[in-house]
Q: 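My questions all concern the structure below.
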Protein chains: 2
Amino acid sequence: MDDIDRKLIAALQRDATTAYATLGKEVGLSAGAAHERVRKLRERGVIRRTTVDVDPAALGQGVLAYVMVDSSAWMGDSAAAFAAIPELVEAHVIAGSASVLVKVRAATTERLQDVLRRLYGIEGVSGTQATVVLETFFERGVAADLTG
Amino acid sequence: MDDIDRKLIAALQRDATTAYATLGKEVGLSAGAAHERVRKLRERGVIRRTTVDVDPAALGQGVLAYVMVDSSAWMGDSAAAFAAIPELVEAHVIAGSASVLVKVRAATTERLQDVLRRLYGIEGVSGTQATVVLETFFERGVAADLTG
DNA sequence: GGTGAAAACCGAGACCC
DNA sequence: GGGTCTCGGTTTTCACC
């Protein structure tokens with residue numbers, strides 16, 4: 001994992017359709033060498049997958065909210081229960097007063113309310129505290145060029 | 001934007017390296033027709049870009065936290081100031097007591113503290129409240145198969 | 001690890017329905 | 001809109017360094 005790997009990752013985050021010949025030029029390598037580097041990054045799991053970034057509004061999911069989920073029990077084994085709610089795009093176990101923090105994308109605030117109802121249906125959930133997003137400044141990938 | 005478009009988006013979210021011939025088979029279309037559909041989805045901005053999903057820990061950014069940023073002024077024009085901090089992977093203007101919610105990836109909790117310091121450097125910021133993530137259940141794309 | 005080239009494969013477009 | 005075909009570029013693999 002050297003500087004060339006980080007540059008390749010940054011370039012692929014920007015546009016994963018970039019040809020290996022172009023990638024190679026950007027980092028000072030031949031197309032074959034760039035290809036081999038990227039293949040190993042995938043193999044080692046550094047690059048998890050190639051995917052597309054979709055506009056949520058275009059899919060009719062214009063409402064974004066973060067919900068703090070309080071619980072009366074250990075939530076560490078409840079990943080599947082949260083994953084079963086398709087509107088949840090993220091779910092994290094957190095330190096602090098709440099137990100789980102989830103990111104929700106829904107069509108309307110009424111639908112958001114329905115998601116909250118389903119969250120209450122998860123065993124151990126005792127409360128929710130929703131924060132609605134008014135405007136998203138940005139959403140981007142991990143910075144590949146930090147020293148770490 | 002019909003059911004075939006949604007299936008194509010879902011397939012590309014899973015693996016954007018899938019060949020158009022394979023995509024076409026999955027939705028009952030020829031490779032050329034699938035290609036044309038995807039081209040239009042990109043053109044209309046439904047698909048914003050093709051990117052790679054990178055393991056933050058592999059890049060030495062193993063600490064994830066959400067920070068509520070309080071302010072004493074209107075923050076709506078501060079997008080650039082937040083974007084200038086590379087550890088911030090998301091920034092949203094929110095409804096509620098805080099003004100902005102940011103998602104931070106850092107190498108260590110010491111580095112997280114440094115990010116908080118830089119957040120205080122943004123004009124108008126009067127306080128922060130960080131929530132550290134202990135375990136991530138999942139992070140995934142918008143569900144493409146909801147009625148909306 | 002990297003290079004350069006060969007071969008299989010795929011994307012992108014033209015044309016017709 | 002979709003199907004079919006074709007061409008040029010790209011991926012992928014290989015022997016060699």
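As the structure is a computational prediction, the values presented were derived from the model and not from experiment. Every chain is numbered from 1, with letters handed out A, B, ... down the list of sequences.
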Q: Quick check on C/dG13: is either OP1 or OP2 less than 4.0 Å from any side-chain nitrogen or oxygen of B/R39?
A: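 The answer is no; no side-chain N or O of B/R39 sits under 4.0 Å from OP1 or OP2.
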
Q: Sticking with atom P, work out how far C/dA12 lies from D/dT12, rounded to a whole angstrom.
A: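 Nearest-Å result for C/dA12 against D/dT12 at atom P: 15 Å.
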
Q: In whole angstrom, what separates B/L23's CG from C/dC10's P?
A: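 Rounded to whole Å, this separation is 12 Å.
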
Q: Yes or no on salt bridge (charged side-chain N to carboxylate O under 4.0 Å, His left out) for A/E43 and A/K40, after CA distance, side-chain angles and deciding distance?
A: CA-CA 5 Å; A/E43 191 182 57; A/K40 283 181 182 163; over 6 Å; no

Q: Among B/D5, B/I9, B/L12, whose side chain to side chain contact (heavy atoms under 4.5 Å, CB included) with B/V38 holds?
A: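 One option only clears the test, and that one is B/L12.
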
Q: Given the rule in the salt bridge (charged side-chain N to carboxylate O under 4.0 Å, His left out) test, do A/D145 and A/R6 qualify, once you have shown the distances and angles that lead to the verdict?
A: CA-CA 6 Å; A/D145 54 354; A/R6 279 186 280 270; over 6 Å; no

Q: Please give, in whole Å, the distance from C/dG2 P to A/Y20 OH?
A: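 These atoms are roughly 14 Å apart.
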
Q: Pairs in or reaching into residues 118-131 of chain B: which pass salt bridge (charged side-chain N to carboxylate O under 4.0 Å, His left out), with residues at least two apart or in two chains?
A: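 Qualifying pairs, neighbours excluded: B/E87-B/R118, B/D114-B/R118.
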
Q: Going 5' to 3' along DNA chain D, which are the first and last nucleotides with any atom under 4.0 Å from a heavy atom of chain A?
A: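 From 5' to 3', the first and last contacting nucleotides are D/dT10 to D/dT13.
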
Q: Mind calculating the distance between CD (B/E36) and P (C/dC17) to the nearest angstrom?
A: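 Checked: the CD to P distance equals 19 Å.
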
Q: Rounded to whole Å, how long is the line connecting atom CZ of B/R42 with atom P of C/dA12?
A: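 It works out to 8 Å between those atoms.
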
Q: Has B/R111 got a side-chain atom pairing as donor or acceptor with B/Q61's backbone, closer than 3.5 angstrom?
A: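 No: the side chain of B/R111 does not pair with the backbone of B/Q61.
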
Q: Could you pull out all donor-acceptor pairs under 3.5 Å where a side-chain atom in residues 25-32 of chain A meets a protein atom, sequence neighbours excluded?
A:
{"residue": "A/S30", "atom": "OG", "partner": "A/A33", "partner atom": "N", "Å": "3.2"}

Q: Provide, to the nearest angstrom, the distance between the NE2 atom belonging to A/H35 and the C1' atom belonging to C/dC10.
A: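 Spelled out: NE2 on A/H35 to C1' on C/dC10 is 13 Å.
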
Q: Could you give all pairs that pass the ring-ring contact (aromatic ring centres under 6.0 Å, His included) test and reach residues 51-80 of chain B, with sequence neighbours left out?
A: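 Checked against ring-ring contact (aromatic ring centres under 6.0 Å, His included) - neighbours excluded - the pairs reaching residues 51-80 of chain B are A/Y66-B/Y66, A/H92-B/Y66.
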
Q: Return a table of donor-acceptor pairs under 3.5 angstrom between the side chains of residues 13-21 of chain A and protein atoms on other chains or two or more places apart.
A:
{"residue": "A/Q13", "atom": "NE2", "partner": "A/V142", "partner atom": "O", "Å": "3.1"}
{"residue": "A/D15", "atom": "OD1", "partner": "A/T17", "partner atom": "N", "Å": "2.9"}
{"residue": "A/D15", "atom": "OD1", "partner": "A/T17", "partner atom": "OG1", "Å": "2.6"}
{"residue": "A/D15", "atom": "OD2", "partner": "A/T17", "partner atom": "OG1", "Å": "3.2"}
{"residue": "A/T18", "atom": "OG1", "partner": "A/D15", "partner atom": "O", "Å": "2.6"}

Q: Counting Watson-Crick and G-U wobble pairs whose two distances are both under 3.5 Å, find the runs of 3 or more in a row that involve DNA chain C.
A: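 DNA chain C stems, ordered by first number: C:1-10 with D:8-17, C:12-17 with D:1-6.
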
